[in-house]
Amino acid sequence: MKSINKLLVAPILILFASYGIADEIHPGKEKSETCTGCHAIPGYNNVYPTYKVPKLAGQHSDYIVSALKAYQKEERVHKTMHANAIALSDKDINDIAKYFELLK
Ligand code: HEC
């Protein structure tokens, strides 16, 4: 019985191992979790108050970087996005921007 178990377990472990590599977590994924609360919602309308939220998935990373830096410096004025951008480091911004560019 034991040897049969081993025969079954080995391929399952290999499967999990290769899945782990393929699904390697992008550094921007975790950092963008608060963002996707607004930016990944169906129809891109915030629930309340109702306003349009720009779609970020597939957006050019350069554009996202410059938009976030503009919100930080309040060159682009938007209270909510200023609040979201202000705590991000340059590395956070780059990671998040690259992550959103990869999303479809
Ligand atoms: C509470 C909802 C909310 C959250 C959370 C939020 N955003 Fe936004 N975001 C908005 C809205 C609304 C706009 C449109 C603002 C404007 O008109 O300038 C916007 C605009 C943007 C833009 C400019 C897009 C464009 O097409 O010009 C970028 C880039 C962006 N957000 C990135 C982020 C990132 C990165 C985070 C997380 C760190 C984040 N946002 C979190 C609501 C949100």
Side-chain angles (χ1 to χ4, degrees):
M1 254 327 247
K2 271 187 182 159
S3 57
I4 291 173
N5 276 345
K6 269 185 200 154
L7 277 177
L8 285 174
V9 167
I12 292 171
L13 286 180
I14 290 165
L15 228 139
F16 273 115
S18 52
Y19 178 76
I21 292 161
D23 198 42
E24 200 177 313
I25 295 172
H26 192 283
K29 188 175 194 298
E30 208 179 313
K31 291 174 184 174
S32 64
E33 258 158 27
T34 52
C35 323
T36 50
C38 282
H39 284 282
I41 45 182
Y44 295 94
N45 283 311
N46 203 7
V47 185
Y48 181 84
T50 307
Y51 53 77
K52 283 276 180 201
V53 181
K55 185 180 172 182
L56 296 182
Q59 180 62 269
H60 287 289
S61 60
D62 290 349
Y63 179 83
I64 295 175
V65 169
S66 65
L68 287 172
K69 291 191 171 162
Y71 286 126
Q72 281 187 331
K73 290 183 258 175
E74 292 190 290
E75 285 165 11
R76 185 165 169 182
V77 181
H78 192 271
K79 266 196 193 150
T80 306
M81 277 312 303
H82 177 68
N84 274 284
I86 196 70
L88 301 173
S89 69
D90 285 359
K91 184 176 182 335
D92 293 341
I93 289 182
N94 285 332
D95 287 346
I96 289 171
K98 287 203 184 99
Y99 176 67
F100 278 123
E101 189 177 57
L102 288 174
L103 295 180
K104 285 289 164 304

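In what follows, residues are counted from 1 in the order of the sequence shown. Nothing here was measured: the structure is a model prediction, and the numbers come from that model.
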Just list the side-chain donor-acceptor pairs under 3.5 Å for residues 61-68, sequence neighbours left out, or say none.
residue : atom : partner : partner atom : Å
Ser66   : OG   : Asp62   : O            : 3.3
Ser66   : OG   : Tyr63   : O            : 3.1

Please identify each residue that fulfils salt bridge (charged side-chain N to carboxylate O under 4.0 Å, His left out) with Lys73, with sequence neighbours left out.
-> Glu75
List in chain and number order the residues that pass salt bridge (charged side-chain N to carboxylate O under 4.0 Å, His left out) with Lys91, two or more places apart in sequence or in another chain; answer none if no residue qualifies.
->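 Result, salt bridge (charged side-chain N to carboxylate O under 4.0 Å, His left out) vs Lys91: Asp95.
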Gap separating the [atom1] atom of [X] from the [atom2] atom of [Y], nearest 0.5 angstrom:
X	Y	atom1	atom2	answer
Glu101	His60	CD	NE2	7.0 Å
Cys35	Ile96	SG	CD1	4.5 Å
Lys79	Asn84	NZ	CG	14.0 Å
Leu103	Lys55	CG	NZ	10.0 Å
Tyr71	Ile93	OH	CD1	12.0 Å

Scan residues 81-104 for pairs that pass ring-ring contact (aromatic ring centres under 6.0 Å, His included), counting only residues two or more places apart or in two chains.
->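 Passing the test, one end in residues 81-104: His26-Tyr99.
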Leu88 vs Gln72, side-chain contact (heavy atoms from CB on, under 4.5 Å): CA-CA, chis, key distance, verdict = CA-CA 9 Å; Leu88 301 173; Gln72 281 187 331; 4.2 Å; yes
Mind checking side chain to side chain contact (heavy atoms under 4.5 Å, CB included) for Asp90 and listing every partner two or more places apart, or none if nothing turns up?
-> Lys69
Main-chain N/O of Ser89 paired with Asp92 side-chain donor or acceptor, under 3.5 Å |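 Checking the backbone N and O of Ser89 against the side chain of Asp92, a donor-acceptor pair under 3.5 Å is found.
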